[in-house]
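Here's the structure we're looking at; comments come further down.
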Amino acid sequence: MEKELEKKIKVNFSIGDRVLINHKKVSNRDQFIIVKINSKYIEIKKTNVGEDSNGDSLNIHASLLQKI
């Protein structure tokens, strides 16, 4: 049952989509772009990075992502 739910969530996303992370410890102003969709996690990269940051990619579960 859990895998079916996970598939339904992942179907809503595709590479290149702009997303937000729906979590209390992440600012709602931070925007990310989907780079890769793996079997368990989605790899995202921050789009609005400052000059001192390089915009490293993160692996995150699809249930925490929200499309813009």
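What you see is a predicted model; the values in this text were computed from it and never measured.
- Applying the side-chain contact (heavy atoms from CB on, under 4.5 Å) test to Asp30 and every residue at least two apart in sequence or in another chain returns Val26, Ser27, Phe32, Lys46, Asn48.
- Smallest separation of non-hydrogen atoms from Arg18 and Gln31: NH1-OE1, 4.2 Å.
- When the side-chain contact (heavy atoms from CB on, under 4.5 Å) test is applied to Leu65, the partners found at least two apart in sequence or on another chain are Phe13, Val19, Ile21, Ile42, Ile44, Ile60.
- Around NZ of Lys36, the count of heavy atoms belonging to other residues, nucleotides or ligands within 6.0 Å does not exceed 12.
- Grouping Ile, Leu, Val, Met, Phe, Trp and Tyr residues whose side-chain heavy atoms lie under 4.5 Å apart, directly or via other members, places Ile68 in a hydrophobic cluster with Leu20.
- In plain terms, the two heavy atoms of Lys45 and Val35 that are nearest each other are CB-CG2, 3.7 Å.
- The line from CD1 of Ile34 to NZ of Lys67 is 7.5 Å long, rounded to the nearest 0.5 Å.
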